[in-house]
Amino acid sequence: MYIIRDPKILYNKVKKIHKKNNTIALIPTMGNLHLGHIKLIEVGQKNADKVIVSIFVNPMQFKNLNDSKKYPRSLKEDFKKLKLNNVDIVFCPRLKKMYLNNFIDQIFVNIPSSYNILESKNRPYHFKGVMTIVSKLFNIISPEIACFGKKDFQQLFFIKKLVIQMNYNIQILGVPIVRDNDGLALSSRNILLNSKERKIAPEIYKTIKWISKKINKNNLKNNNFLKKAYKNLVKHGFKIDILTIRDSKTLNKKLTKKTSSIIILCSAWIGKVRLIDNLEMLLKN
Ligand code: PAF
């Protein structure tokens, strides 16, 4: 497994891979890898000749530099896991190599302001940071395939748009959420939960599953069960940022009889940890 820190070295390495007619799957991560990431790697390996995993805690998608410094890091452990899982290349660039000149004159890739909804309403800087870093990775690596987890539903939604609108010739694969036995979606942030919080955390998935059982084509406008679900999470000690049902194709609030699939989205704080989860479902006629 090659560990590469310099974008130019990776750029040249990738050229050689492509010259041999090998395809590349990119798995962008911020490290602190768990089984959810391993699933992304497996999907990459099934769909391409070589897999490149990037590990970079991107400060531009956090509120500030301090916030990004608090993100859990475990580079040595990550390398072991990646080697064990036969990853071909790990790209873990230093901050200065990804954002030249200390962010001065940095050009950004952003989502339109009409999409300042849900996660981007609370954190307007976040997707600007994600779109910029993912574009940089796409430009350095030119992968044929890139894999992203479905847990970050809105991120995946925007990345699919980014690829179409910015003319990247890359196939985006959305990979299903991996869960612990009790239903908690795997996340690098879960290790920040104390034992009491960890016990309560699966309530998010239980609640969105409960909503999914209540909802059908005929009661899309009735949000009584959404109110009940909200109260249940608050009762368990969550502070809720988002609990909503949207059209999964458009993220639109407006649901009609024509809506064919919905997404139940939840972002909630338990203590100092913000957890996100979602459940997508097709609506039967
Ligand atoms: O999902 C993540 O871990 C990050 O947002 C990503 C895609 C690696 C960009 O920094």
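Since the model is a prediction, treat every value here as computed from it, not as a measurement. Whatever order the structure lists ligands and atoms in, that order sets their numbers, starting from 1. Because only heavy atoms are used, hydrogens play no part in the values below, and waters and symmetry mates are left out as well, while side chains stay in.
- For the atom pair OG1 (Thr207) and CG (Leu279), the distance works out to 11.5 Å, reported to the nearest 0.5 Å.
- Sorted by first and then second residue, the salt bridge (Lys or Arg N to Asp or Glu O under 4.0 Å) pairs with a member in residues 174-203 read Arg179-Asp277, Asp180-Arg198, Asp182-Arg198, Glu203-Lys206; sequence neighbours excluded.
- Taking a cut-off of under 4.0 Å to the non-hydrogen atoms of Pro28, the atoms of ligand 1 that pass are 8 (C).
- Of all atoms in ligand 1, numbered sequentially from 1 with element shown, those under 4.0 Å from a heavy atom of Ile133 are 9 (C), 10 (O).
- Nearest-heavy-atom check against atom 9 (C) of ligand 1 across Gln61, Met30, Lys151 picks out Gln61.
- Numbered from 1 in the order shown, with element, the atoms of ligand 1 that lie under 4.0 Å from a heavy atom of Gln155 read 1 (O), 2 (C), 4 (C), 5 (O), 7 (C).
- Tyr99 carries Lys136 over the face of its six-membered ring, with the cationic atom under 6.0 Å from the centre and within 45° of the normal.
- A cation-pi arrangement is absent between Lys214 and Phe225 under the rule of less than 6.0 angstrom and at most 45 degrees off the ring axis.
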Just list the side-chain donor-acceptor pairs under 3.5 Å for residues 155-164, sequence neighbours left out, or say none.
none

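- Of all the atoms in ligand 1, the ones that sit under 4.0 Å from a non-hydrogen atom of Thr29 are 8 (C).
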